[in-house]
Q: 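Have a look at this one before I ask anything.
When reading the values below, keep in mind they use all heavy atoms of this one structure, side chains included, and skip hydrogens, waters and symmetry mates.
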Amino acid sequence: MGFADLYLNKQIDFKNKIADNPRTDLRFIVVIPCFNEPDVLKTLESLKNTIRTKSAAEVIIVINSSLKTNQEIIDQNKRTYTEVKGWIEQNSDSSLSFFVLLEENLNDKFAGAGLARKLGMDQAVARFNTINASNGVIISLDADSTVKTDYLTEIEKHFNSYPKTNALSSYFEHPLEGESFDESIYHAISVYELYLRYYKSALNYSGFPYAFHTIGSCFSVSARAYLKQGGMNRKQAGEDFYFLHKIFPLGECYELDTSCVYPSPRISDRVPFGTGPMVKSIAHSKDPFLTYAFQSFLDLKSFFQQLDCFYKIDMLELNDLLYQLPLPVVDFLSQNEVHSALEEINKNSSGLKTFRKRFFNWFNAFMVLKYLNATAEKFYPKTDLLGEAEKLLITMNPGFKPYKNYKSYLQLFRQFERGF
């Protein structure tokens with residue numbers, strides 16, 4: 001009996017679609033959803049050129065479309081499928097094998113990035129299950145991304161050093177210059193990536209324990225964690241965010257900054273939100289990019305610093321402690337049943353460690369977003385990204401000298417994340 005039999009048997013639509021038997025030492029499988037991607041071969045070439053891992057690795061490309069996908073895209077998908085099949089025949093080797101699936105006529109209710117990623121990840125689980133490799137690693141990448149040559153070997157080194165890892169967030173950099181895109185696109189992606197790094201760094205500064213990037217082209221999960229949390233969802237956008245924030249509370253989650261993924265900065269309408277739509281919006285706008293005020297994160301930090309005081313607190317004393325916190329935090333907590341939440345959390349916590357874990361299961365990433373939006377509406381309106389990024393940079397590095405430039409600020413945040 002394989003370690004994933006129970007999970008796979010519950011997946012009503014699952015069918016094993018890869019006939020080739022996996023190598024017995026297979027440990028890494030890269031999953032790439034592909035929809036209307038005429039240049040996917042660039043991604044495959046990038047993976048082909050990576051240094052080989054000691055354990056076997058595979059790549060599964062899932063070319064997908066729904067019942068309502070227009071014929072032009074369906075035709076492009078079929079051309080891509082033929083091209084990829086031909087490329088695979090010439091480029092697979094014993095230590096890095098490539099497989100391509102053509103998934104057509106998917107249910108429109110679910111078709112999208114989440115379902116495509118799930119179809120590929122479930123195939124990966126089945127491959128690991130065949131050899132009972134519960135230590136297998138599923139690597140998520142996108143069809144418009146390239147990677148550094150040490151991408152796979154650095155992931156392998158990490159999992160060899162930390163075999164209990166549940167999730168790994170890989171360092172990324174969007175290209176900020178070149179001839180592939182108009183200058184407005186490079187400017188837009190520098191703004192958007194700065195926002196991503198500002199948000200993640202500010203959240204980390206607040207003391208939130210799950211401050212990780214959640215980008216579909218930049219994460220890996222263990223097969224064990226994938227199964228434990230019920231697999232990938234079928235959301236049409238934001239599937240990576242929802243999935244990873246189910247994994248993070250398991251603990252043993254890390255960041256890998258020794259290699260790099262290079263996602264595309266291109267405009268896209270494939271999903272309702274995410275990098276493609278945001279780049280389009282920024283490129284076509286003349287207004288400053290607005291973000292959450294840094295003060296809202298500072299207020300959150302004040303709350304998290306006092307968190308241990310709420311452990312086993314007498315409910316009669318709770319109000320006195322709450323009203324010592326910043327007003328925006330108190331207002332938000334009072335609107336979200338903090339009394340009953342803390343009472344329930346304390347009731348089921350045998351120690352401080354358990355209390356903290358249960359608390360952040362309640363005050364999770366979705367609650368943080370809810371707090372930030374509520375605070376932006378009532379207390380600190382969203383404001384210019386440059387100014388808020390500057391405040392954070394000065395806080396992290398008091399000697400910092402402002403110079404009001406998106407790309408320069410972005411480079412500083414990149415350096416902070418890589419520990420330079």
Q: Using a strict threshold of under 4.0 Å (side-chain N to carboxylate O), is an ion pair present between Glu183 and Lys407?
A: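 Answer for the salt bridge query: yes.
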
Q: Can Arg27 and Glu58 be counted as an ion pair, charged N to O under 4.0 angstrom?
A: no

Q: Check the surroundings of atom CD in Gln305: do more than 12 heavy atoms from other residues, nucleotides or ligands lie under 6.0 Å from it?
A: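 Atom CD in Gln305 is packed in, count exceeds 12.
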
Q: Using 0.5 Å steps for rounding, measure from the CG atom of Asn64 to the CD atom of Glu104.
A: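 Asn64 CG to Glu104 CD: 10.0 Å, rounded to 0.5 Å.
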
Q: Would you call Glu239-Lys118 a salt bridge at under 4.0 Å N-O?
A: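 Here Glu239 does not pair with Lys118 in a salt bridge, since their nearest N and O are not under 4.0 Å apart.
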
Q: Compute the centroid of each ring, for Phe243 and then for Tyr226, and state whether the two points are separated by less than 6.0 Å.
A: yes

Q: Which word best sums up how the rings of Tyr205 and Phe294 line up, parallel for under 30°, tilted for 30 to 60°, or perpendicular for over 60°?
A: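 If you compare the ring of Tyr205 with that of Phe294, the planes turn out tilted.
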
Q: Please determine if Arg117 and Asp142 form a salt bridge, counting it only when a charged side-chain N lies under 4.0 Å from a carboxylate O.
A: yes

Q: Please test Tyr210 against His245 for ring-ring contact (aromatic ring centres under 6.0 Å, His included), starting from the C-alpha separation and ending with a verdict.
A: CA-CA 8 Å; Tyr210 309 133; His245 277 290; 7.1 Å; no

Q: Would you name the heavy atoms of Ser206 and Phe304 that are closest together and state the gap between them?
A: O-CD1, 3.2 Å

Q: Walk me through it: do Tyr371 and Asn336 pass the test side-chain hydrogen bond (donor to acceptor under 3.5 Å, both in side chains)?
A: CA-CA 10 Å; Tyr371 157 80; Asn336 286 273; over 6 Å; no

Q: Taking the basic N atoms (NZ, or NE/NH1/NH2) and the acidic carboxylate oxygens, is any pair closer than 4.0 Å for Arg356 and Asp308?
A: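 Yes, Arg356 and Asp308 are salt-bridged.
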
Q: Using a strict cut-off of less than 4.0 Å between a Lys/Arg side-chain nitrogen and an Asp/Glu carboxylate oxygen, indicate whether Glu154 and Lys157 qualify as a salt bridge.
A: yes

Q: Using 4.0 Å as the upper bound for N to carboxylate O, is an ion pair formed by Arg414 and Glu417?
A: no

Q: Hey, are Glu343 and Lys347 close enough for a salt bridge, meaning a charged N less than 4.0 Å from a carboxylate O?
A: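 Looking at Glu343 and Lys347, the cut-off is not met.
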
Q: Applying side-chain hydrogen bond (donor to acceptor under 3.5 Å, both in side chains), run through Lys246 and Asn233 and close with a yes or a no.
A: CA-CA 10 Å; Lys246 287 198 304 180; Asn233 58 72; over 6 Å; no

